[in-house]
**Q** 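Encoded as structure tokens, here's the structure I'll be asking about.
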Amino acid sequence: MSKPVLGIIGGGQLGSMLAMAAKKLEVKTIIFCDDINAPAQKYSNEFICGKYDNKEKINQFIKKVDIITFEFENIPYKTLNEINKIKPVLPKPTVNKIIQHRLTEKDFLNKLNIKTTEYILIKNKSAISSSKNLLPGLLKTTTLGYDGKGQYKIESINDLKFLNINFSKEYILEKLVKLKKEISIIITRFANNKYEVYEPIENTHEEQILKHSKIPADISEINFNKSKEWAIKIAKNLDYIGTLCVEFFIDGNDNLYVNEIAPRVHNSGHLTIDAYNVSQFENHIRAVCDLQKVKTKRLYAAKMKNLIGNDIFIYKNKKFKKNEFFYDYFKKEIKDKRKMGHLTTIFIK
Ligand code: ADP
Ligand code: MG
């Protein structure tokens with residue numbers, strides 16, 4: 001069977017790494033992105049630049065590909081659904097519909113008996129005043145948040161005087177968990193309900209942005225197993241095809257909560273490139289293109305450091321040890337808090 005041409009919506013670092021993995025598998029890729037400088041165009045066979053609501057450009061893209069996937073989950077559901085009527089979008093758009101909205105995402109998890117933080121939908125200021133039981137808490141926009149954007153920490157009702165919250169948007173208020181640890185599970189689900197599940201990854205954040213990831217995670221055996229079980233349950237109930245990430249919190253009493261789901265390859269899984277025989281990106285391509293599933297095995301222990309903003313300068317001219325792997329995302333503009341690259345170090349386990 002000849003291999004499909006894969007369309008990827010989004011051309012940042014995740015798109016780049018997907019395109020590289022596809023190249024290894026001899027799958028042709030076409031990137032669609034609204035940024036003329038999108039780094040992923042370096043690695044793909046073709047690049048189409050257009051706004052995500054430009055029907056003409058989107059149609060041009062659809063005509064050229066067999067299957068479509070994406071590197072970020074916030075493409076409007078309507079757009080994905082329209083595309084899906086013509087060529088298959090994987091994972092399917094209904095997954096995005098659930099996950100794009102923090103309330104439907106959390107409701108979905110709780111219906112599966114998967115524990116999340118306590119939460120409530122907030123439409124106005126007075127709704128916060130009547131939810132004191134959730135304070136201290138985090139107020140998060142229901143849609144379009146990432147890397148901590150659109151979040152406000154509220155210690156007490158008094159804080160509302162100082163925060164300039166725009167109530168033309170909807171929010172959820174989430175009780176703050178006293179975090180002992182954060183972990184994530186990267187899982188790939190293939191057709192016929194087959195899975196490859198990577199072991200839990202331990203993550204640390206700085207200013208709500210992922211800074212370090214490592215495997216093995218220093219967690220209890222119970223949470224090691226439970227996080228994997230929940231990730232499988234989530235992927236199965238979403239009828240998911242491709243790679244997915246589940247982010248978890250662990251509190252001081254070792255309780256496990258799901259924080260959120262990312263319906264795509266994920267930053268915490270970058271270490272799978274060097275620490276596993278098959279990376280999260282390769283597994284995603286294998287799953288969405290319906291290629292053979294390869295038993296995924298960890299080869300090394302590893303830690304990954306995100307290079308954010310100006311961090312990248314130090315690394316661009318650095319000499320690396322044999323167990324260090326530096327990735328430059330070749331972004332044209334360096335911005336504060338922007339993910340510019342990462343460094344993975346592997347160790348004999
Ligand atoms: P984003 O969609 O921006 O990634 P998250 O909901 O994952 O937003 O929040 C980013 C980070 O903020 C989390 O990884 C965690 O470190 C912290 N955080 C978010 N919600 C909570 C919470 N309810 N309790 C404690 N920490 C939280
Ligand atoms: Mg997150």
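As a basis for the values below, the full set of heavy atoms in this structure was taken, side chains included, without hydrogen atoms, waters or symmetry mates. One-based numbering, in listed order, for ligands and for the atoms of each.
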**Q** Tell me the protein heavy atom at minimum distance from atom 3 (O) of ligand 1, and give that distance in Å.
**A**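 Protein heavy atom with the smallest distance to atom 3 (O) of ligand 1: Gly148 N, 2.6 Å.
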**Q** Within the 4.0 Å heavy-atom shell around Glu247, which atoms of ligand 1 are there?
**A** 7 (O)
**Q** Give the residue and atom name of whichever protein heavy atom lies nearest to atom 22 (C) of ligand 1, and the separation in Å to one decimal.
**A**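 Checking every protein heavy atom, the shortest distance to atom 22 (C) of ligand 1 gives Phe249 CE1, 3.6 Å.
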**Q** Kindly say whether the aromatic ring centers of Phe320 and Phe326 come within a distance under 6.0 Å.
**A**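 Yes, they do, as the ring centres are separated by less than 6.0 Å.
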**Q** Closest heavy-atom contact between Ile36 and Gln41?
**A** O-NE2, 2.9 Å
**Q** Give the residue and atom name of whichever protein heavy atom lies nearest to atom 1 (P) of ligand 1, and the separation in Å to one decimal.
**A**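 Checking every protein heavy atom, the shortest distance to atom 1 (P) of ligand 1 gives Glu260 OE2, 3.4 Å.
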**Q** What protein heavy atom sits nearest atom 25 (C) of ligand 1, and how far off is it?
**A**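 Looking at atom 25 (C) of ligand 1, the protein heavy atom closest to it is Val177 O, 3.3 Å.
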**Q** Before we go on, tell me: are the rings of His270 and Phe281 under 6.0 Å apart, centre to centre?
**A** yes
**Q** How close does the nearest protein non-hydrogen atom get to atom 26 (N) of ligand 1, and which residue and atom is it?
**A** Leu179 CD1, 3.6 Å
**Q** If you round to 10 degrees, what value do you get for the angle at the Mg ion (ligand 2) between Glu247 atom OE1 and Glu260 atom OE2?
**A** 100°
**Q** Contact between Phe108 and Lys111 at the side-chain level, heavy atoms closer than 4.5 Å - yes or no?
**A** no
**Q** Using every non-hydrogen atom in the two residues, find where Lys228 and Ile185 come nearest and quote the distance to one decimal.
**A**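 The pair with the smallest heavy-atom distance is CG-CD1, 3.8 Å.
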**Q** Please could you name the atoms of ligand 1 that Lys140 approaches to less than 4.0 Å, counting only its heavy atoms?
**A**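 Those atoms are 5 (P), 6 (O), 19 (C), 20 (N).
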**Q** Please tell me if the side chains of Gln280 and Thr188 come closer than 4.5 Å, counting only heavy atoms from C-beta onward.
**A** no
**Q** So that I know where these two stand, are Phe249 and Tyr257 an aromatic pair - ring centroids less than 6.0 Å apart?
**A**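 Between Phe249 and Tyr257, the centre distance exceeds or equals 6.0 Å.
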**Q** At under 4.0 Å between heavy atoms, which part of Leu210 makes contact with ligand 1: side chain, backbone, both or neither?
**A** neither
**Q** Indicate, as side chain, backbone, both or neither, the part of Thr117 found under 4.0 angstrom from ligand 1 when only non-hydrogen atoms are considered.
**A**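 It is the side chain that gets close, since no backbone atom is under 4.0 Å.
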**Q** Does Lys125 make a cation-pi contact with Phe167 (under 6.0 Å, within 45 degrees of the axis)?
**A**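 Output no; distance or angle outside limits.
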**Q** Can you tell me which portion of Asn203 lies within the under-4.0 Å heavy-atom range of ligand 1? Options are side chain, backbone, both, or neither.
**A**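 Neither part.
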**Q** Under 4.0 Å from a heavy atom of Glu174: give me the atoms of ligand 1 that qualify, with their elements.
**A** 20 (N), 22 (C), 23 (N)
**Q** Would you say the side-chain atoms of Ser184 and Glu247 include a donor-acceptor pair closer than 3.5 Å?
**A** no
**Q** Could you tell me whether Tyr52 and Phe72 have their ring centroids closer than 6.0 angstrom?
**A** yes
**Q** Should you measure from each heavy atom of Leu138, which atoms of ligand 1 turn up under 4.0 Å away?
**A**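 Going through ligand 1 atom by atom, the ones under 4.0 Å from Leu138 are 18 (N), 19 (C), 20 (N), 21 (C), 22 (C), 27 (C).
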**Q** Could you name the option among His205, Gln208, Gln151, Lys153 that has the heavy atom nearest to atom 9 (O) of ligand 1?
**A**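 Residue with the shortest heavy-atom distance to the ligand atom: Gln151.
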**Q** With a cut-off of 4.0 Å, which atoms of ligand 1 are near a heavy atom of Glu182?
**A**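 Listed by number with element: 13 (C), 14 (O), 15 (C), 16 (O).
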**Q** Can you find an N or O of Leu176 that's nearer than 3.5 Å to an N or O of ligand 1?
**A** no
